[in-house]
Amino acid sequence: MKKSFGKLFVGAALAAGLSLGFAPSADAGLISLQQEIEMGRETGQKYEAQYGLLQDSYQQERVNRIGQRLAAVCGRNEITYSFKVLNCDEINAFACPGGFIYVYSGLLDFMPTDTELAGVLGHEVGHVAKKHTVHQIEKALGANILLAAISLGTGSSAIGNLGGLATQALMSGFSRTDERGADKEGVNNTIKAGFNPYAMLITTSKLEDLAAKNGGGKGGIWSDHPDPDERYKRVSQQLQKLDIHPDIKVIDENHAQVYEGDWTFNIDHSIGATKAKYRAFELAGGLYQVRQRGHINPNYFVVYDNGSFADIYYDDIQVLRLYKQDAVGFGSAGSYAKACADMLRDWGNKVNSGTLVAKKKKK
């Protein structure tokens with residue numbers, strides 16, 4: 001999506017409003033709930049017509065399942081949320097007003113685990129819950145400019161005008177303040193919904209890695225986001241109060257360690273865009289989720305072998321994904337995952353017996 005035209009549109013509308021003596025209001029409240037929903041639906045339909053939906057029922061159901069868990073805890077329940085995958089290989093996701101949230105199919109390849117998707121969708125749900133697009137339109141156009149647009153017709157024609165404004169607002173991007181707010185909501189949403197607490201930290205870090213690779217984070221979907229270092233710091237500070245353990249030690253880009261007391265688990269490979277430290281975050285956060293369930297049943301650690309990779313779950317918690325690159329000396333990802341599951345069972349037994357002593361994090 002090209003942003004420059006959208007910014008020119010909003011700027012021109014704002015200038016027109018000021019020239020007529022109309023001052024924009026941050027709390028105008030001019031767009032009703034029904035109008036928000038209708039303009040979001042219309043905007044989403046335009047993108048569906050442009051790209052088409054991904055013809056993969058499993059992925060569509062998966063994205064919707066993750067998204068609905070996040071929507072249920074976001075604090076805004078007067079709308080019905082929908083989550084769909086567009087057939088486009090771009091690495092992107094966006095939220096239309098009224099709860100219509102889209103993921104591009106390219107993002108599924110870039111962020112293959114449920115943990116990562118939860119981070120992305122938690123952020124997008126945050127935009128909807130805080131009505132960022134609606135407020136952006138109201139602030140940019142002001143009361144009289146917006147009312148003039150609405151007065152061009154009634155019923156569906158008026159909604160059509162608002163739908164066009166929603167499209168332009170999405171093209172122009174969010175303010176850095178709104179992006180910070182969506183990050184904060186994303187962390188809250190993922191934790192409340194029972195996902196890995198490190199989900200937002202992993203996804204934002206991977207997106208910033210990609211931005212740096214593609215030109216230092218200038219332009220594109222990252223241009224309105226906060227500075228990467230600031231963003232990482234803010235999310236990390238938000239997570240500190242949870243006192244997440246096991247702990248993580250980053251050795252280098254391809255090596256990291258998850259540890260607690262005398263128990264250690266080494267991760268010795270980055271996989272594609274997923275650095276070793278992100279995989280360590282996934283494991284540490286997954287074990288934190290396991291611990292939150294209370295007494296740990298070692299038999300709940302199970303392996304799902306998919307051939308080129310294998311997932312370790314604890315009940316319904318995705319703890320870690322292992323690949324054939326990890327399985328040196330084991331023959332397959334599945335064989336290595338079974339050995340790793342035994343290590344996690346050992347961790348669980350030590351937690352149950354109270355023999356692990358977690359170091360308190362510095363505040």
Side-chain angles (χ1 to χ4, degrees), residues 110-113 115-116 119 196-213 216-217 227-240 242-291 301 308-312 314 317-333 335-348 350-351 355-363:
F110 187 68
M111 296 186 177
T113 67
T115 293
E116 294 166 294
N196 192 309
Y198 286 123
M200 275 292 299
L201 201 63
I202 297 170
T203 56
T204 56
S205 296
K206 286 185 73 173
L207 286 173
E208 298 302 345
D209 288 345
L210 182 63
K213 181 179 179 181
D227 177 82
D229 291 337
E230 175 204 340
R231 196 177 193 190
Y232 187 92
K233 183 178 179 180
R234 284 178 178 271
V235 174
S236 297
Q237 288 176 340
Q238 195 174 348
L239 293 172
Q240 282 183 359
L242 296 180
D243 189 27
I244 301 173
H245 50 274
D247 291 307
I248 297 166
K249 179 180 180 181
V250 178
I251 300 170
D252 56 41
E253 187 167 298
N254 295 311
H255 299 85
Q257 187 179 82
V258 178
Y259 66 94
E260 184 172 4
D262 62 354
W263 182 86
T264 60
F265 188 104
N266 293 317
I267 295 176
D268 296 322
H269 295 277
S270 295
I271 304 296
T274 307
K275 295 179 180 178
K277 70 175 181 179
Y278 303 153
R279 302 181 70 199
F281 281 132
E282 181 182 8
L283 175 57
L287 295 181
Y288 171 82
Q289 290 177 273
V290 171
R291 188 186 239 111
F301 286 105
S308 60
F309 66 87
D311 289 319
I312 301 177
Y314 179 88
I317 298 171
Q318 186 177 20
V319 178
L320 182 64
R321 175 165 291 184
L322 296 158
Y323 297 82
K324 60 183 180 181
Q325 295 95 314
D326 298 308
V328 177
F330 284 83
S332 69
S335 296
Y336 181 60
K338 291 177 182 177
C340 292
D342 285 336
M343 294 179 64
L344 300 184
R345 294 185 185 104
D346 178 56
W347 169 84
K350 289 183 175 182
V351 171
T355 58
L356 288 182
V357 179
K359 297 180 180 179
K360 293 291 184 181
K361 297 182 182 293
K362 295 180 179 180
K363 301 297 182 183

When rounded to the nearest 0.5 Å, the distance separating CD of Gln325 from OG of Ser270 is 10.5 Å
Distance, nearest 0.5 Å, that separates OG1 of Thr274 from NE2 of His269: 14.0 Å
Side-chain touch Arg291/Pro246, heavy atoms, less than 4.5 angstrom: yes
Identify the heavy atoms of Leu322 and Ala333 that sit nearest to each other, and give their distance. O-CB, 3.8 Å
Between Ala199 and Thr115, the two heavy atoms sitting closest are CB-O, 3.3 Å
Counting C-beta onward and ignoring hydrogens, is there a side-chain heavy-atom pair between Phe309 and Ile271 closer than 4.5 Å? no
Testing the basics here: between His245 and Asp243, what is the closest heavy-atom pair and its distance to 0.1 Å? ND1-O, 3.0 Å
Can you name the residues that form a ring-ring contact (aromatic ring centres under 6.0 Å, His included) with Phe281, not counting sequence neighbours? Tyr198
Classify the ring geometry of Trp347 against Phe301: parallel below 30°, tilted from 30° to 60°, perpendicular beyond 60°. perpendicular
Smallest separation among heavy atoms of Val258 and Ala280, with atom names: CG2-O, 3.7 Å
Pairwise distance CG(Leu283) to CD1(Ile312) - rounded to 0.5 angstrom: 8.0 Å
Heavy-atom side-chain proximity of Asp326 to Asp268 below 4.5 angstrom: no
Side chain to side chain donor-acceptor pair (under 3.5 Å) partners for Asp346, two or more places apart: none
Working to the nearest 0.5 Å, report the span between CD of Glu116 and CD of Glu282. 6.5 Å
Between Asp342 and Arg345, is there a salt bridge with N-O shorter than 4.0 Å? yes
Please report the interatomic distance CG(Asn254) to CZ(Arg279), rounded to the nearest 0.5 Å. 10.5 Å
Which pair of non-hydrogen atoms, one from Phe330 and one from Ser335, has the smallest distance, and what is that distance? O-CB, 3.4 Å
Between the side chain of Trp263 and the main-chain N/O of Gly348, is any donor-acceptor distance below 3.5 Å? no
Full working for side chain to side chain contact (heavy atoms under 4.5 Å, CB included) between Ile202 and Met111: CA-CA 10 Å; Ile202 297 170; Met111 296 186 177; over 6 Å; no
Evaluate the side chain to side chain contact (heavy atoms under 4.5 Å, CB included) criterion for residues Asp262 and Leu356: first the C-alpha distance (whole Å), next the side-chain angles of each, then the deciding distance (0.1 Å), finally the verdict. CA-CA 7 Å; Asp262 62 354; Leu356 288 182; 3.8 Å; yes
Distance under 6.0 Å and angle within 45° of ring axis: Lys206 vs Phe110: yes
Got more than 12 heavy atoms from elsewhere within 6.0 Å of NZ, Lys324? no
With side chain to side chain contact (heavy atoms under 4.5 Å, CB included) as the criterion, how do Lys275 and Asp209 come out once you've worked through the C-alpha distance, each side chain's angles and the decisive distance to 0.1 Å? CA-CA 10 Å; Lys275 295 179 180 178; Asp209 288 345; 3.4 Å; yes
Of the non-hydrogen atoms in Leu242 and Pro197, which two are nearest, and what is the gap between them? CD1-CB, 4.0 Å
Between atom CG of Leu344 and atom CG of Leu320, what is the distance when rounded to the nearest 0.5 Å? 7.5 Å
